[in-house]
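Working notes for the structure below.
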Number of protein chains: 2
Amino acid sequence: MKGERKEEILATASMLFSERGYNAVSMRDLAEALGIKAASLYNHIDSKKELLSTIVLSVAEEFTEGMNEIISSKTRTEEKLKAVIDLHVKITVEKSTDLYSLNNDWMHLKEPELSYFLDMRSCYEDNFRKILKQGVKLKEIEKLNIEVMLFSILSSLRRLNQWYSKKKGISESELSKQMKHVLLKGIIQN
Amino acid sequence: MKGERKEEILATASMLFSERGYNAVSMRDLAEALGIKAASLYNHIDSKKELLSTIVLSVAEEFTEGMNEIISSKTRTEEKLKAVIDLHVKITVEKSTDLYSLNNDWMHLKEPELSYFLDMRSCYEDNFRKILKQGVKLKEIEKLNIEVMLFSILSSLRRLNQWYSKKKGISESELSKQMKHVLLKGIIQN
DNA sequence: TAAATTAACTAACAATCGTTAGTTATGCAA
DNA sequence: TTGCATAACTAACGATTGTTAGTTAATTTA
């Protein structure tokens, strides 16, 4: 098959990037992990930065699509927020290493990919903000600072992959359930 | 004065690292930001990695000390957790750029500094875990997965600096108050 | 079977990296 | 005024970076 080897390269790159960061992984490191020489990589890919942008943009698009579905659904605020958490948990489980680059190495994207990424991220956050704002208006959500709520929840969801990749013994559905309680209802017994 | 220039170098390095990441900032970049040549830096510092470890370890020690005080205080669980949040907010406001390196570039530390850092981090998390476990036992905290609670709250607190450095118009005390509500009591209206 | 494609290789490139050596101008202490 | 420490400089080092050129062996296609 055609792009079969390219998929292997992308998967290996994603794993190495997630362990050491984009800039700390050389093309020679990547090649060695695949059992070939660095120059041979260029039979399959164009450049190192192509690896990063392919990894990052693919996940970013997945988030964008997921969020668009949630926004257009006619459900209550709490259901929308739970769907957002499910989206993050699902992508975390399926694309753990890709998420590392999205969270930590997006700034090393070059134009025009950088702008494309930043646009998607802004759009995603804006949709999230809308859900929260509407929730407050409908009195389904506490009247707190929107930006603090947004940032706080997103931080936890975005870091999920780095925690999940180390911790075993918790299923996707259990993780999802726990996260919903912690993020939405807090931890203090009342 | 003696180490005056070194402080300038450290502050500038911290700022650049927080913008681009440790590996993406060269000694020539750093020198240029200070208006001198790269070689001149070595009149004041020993190496690039010394910059990183000084920045990271100094903040890590501040967290360690703060947590040790909290642990040994004879207060209720909720008060302890609020004190932890205050600690993070305070350091975020005071050492925003240093926190970036601690969160994102600690893996580029070399031994023995790396082990020292990892020990402090483990210790910090373990103390945090103890607070949560005791809270559950005393029924002051919901009986949820300890690791999920720990990871979720810490993720938000650790990312605080990257959000705070961009958002103006919120005071330290207001931020602290909002974070306590969001992290401890959740956002859903009940 | 002959031709063409694929995917590996060796060798090397220009650029950049952190760092060292040696030099020079400045300003303070003796 | 002389001597010394400070902090800048220029020049260069060996190592490593991403990448290209050219070659070769194996496999697929005609």
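Labels below follow one simple rule: chain letters A, B, ... track the order of the sequence lines, proteins then strands, and each chain is numbered from 1.
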query: Pairs in or reaching into residues 33-43 of chain A: which pass side chain to side chain donor-acceptor pair (under 3.5 Å), with residues at least two apart or in two chains?
result: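 Qualifying pairs, neighbours excluded: none.
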Rounded distance (Å) that lies between atom [atom2] of [N] and atom [atom1] of [X]:
X       : N      : atom1 : atom2 : answer
A:Lys49 : D:dT17 : NZ    : P     : 19 Å
A:Glu50 : D:dG18 : CD    : C1'   : 14 Å
A:Asn43 : D:dT20 : CG    : C1'   : 12 Å
A:Leu41 : C:dA8  : CG    : P     : 9 Å
A:Tyr42 : C:dT10 : OH    : P     : 17 Å
B:Lys48 : C:dT16 : NZ    : P     : 15 Å
B:Ile45 : D:dA7  : CD1   : P     : 13 Å

Only counting residues at least two apart or in another chain, list the ones meeting side chain to side chain donor-acceptor pair (under 3.5 Å) with [X].
X        : result
A:Glu111 : A:Ser115
A:Asp29  : A:Arg20, A:Ser26
B:His181 : none

Output yes when at least one side-chain N/O atom of [X] is less than 4.0 Å from OP1 or OP2 of [N], else no.
X       : N     : result
A:His44 : C:dT6 : no
B:Arg5  : D:dT6 : no
A:Ser40 : C:dC9 : yes

field: Nucleic acid contacts - residues 8-24 of chain A versus DNA chain D, non-hydrogen atoms under 4.0 Å
entry: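 Nothing qualifies; none.
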query: Using a heavy-atom distance cut-off of less than 4.0 Å, which residues of residues 26-37 of chain B contact DNA chain D?
result: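 The stretch gives B:Arg28, B:Ile36, B:Lys37 as the residues lying under 4.0 Å from the strand, ordered by number.
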Donor-acceptor pairs are to be reported for all side-chain atoms of residues 48-56 of chain A against protein atoms at under 3.5 Å, with residues two or more places apart or in another chain.
from: A:Lys48; atom 1: NZ; to: A:Tyr22; atom 2: O; distance (Å): 3.0
from: A:Lys48; atom 1: NZ; to: A:Val25; atom 2: O; distance (Å): 2.8
from: A:Glu50; atom 1: OE1; to: A:Asp46; atom 2: N; distance (Å): 2.6
from: A:Glu50; atom 1: OE2; to: A:Lys6; atom 2: NZ; distance (Å): 2.8
from: A:Ser53; atom 1: OG; to: A:Lys49; atom 2: O; distance (Å): 3.1
from: A:Ser53; atom 1: OG; to: A:Glu50; atom 2: O; distance (Å): 3.2
from: A:Thr54; atom 1: OG1; to: A:Glu50; atom 2: O; distance (Å): 2.7

- prompt: Closest to the B:Ala39 side chain: C:dT20, C:dT19, C:dT10?
  reply: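 Among the listed nucleotides, the one closest to the side chain of B:Ala39 is C:dT20.
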- request: Could you pull out all residues at least two apart from B:Phe128 that satisfy ring-ring contact (aromatic ring centres under 6.0 Å, His included)?
  value: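 Partners of B:Phe128 by the ring-ring contact (aromatic ring centres under 6.0 Å, His included) criterion come out as none, since no residue qualifies.
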message: Closer than 4.0 angstrom, basic N to acidic O: yes or no for B:Lys82 and B:Glu78?
response: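 Judged by the 4.0 Å cut-off on N to carboxylate O distance, B:Lys82 and B:Glu78 do form a salt bridge.
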- prompt: Is A:Glu125 salt-bridged to A:Arg158, going by a charged N under 4.0 Å from an acidic O?
  reply: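 Answer for the salt bridge query: yes.
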- request: Provide the full list of ring-ring contact (aromatic ring centres under 6.0 Å, His included) pairs with a residue in residues 62-102 of chain A, sequence neighbours left out, each pair given once.
  value: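 Non-adjacent pairs meeting ring-ring contact (aromatic ring centres under 6.0 Å, His included): A:Phe63-A:His88, A:Phe63-A:Tyr124, A:His88-A:Tyr124.
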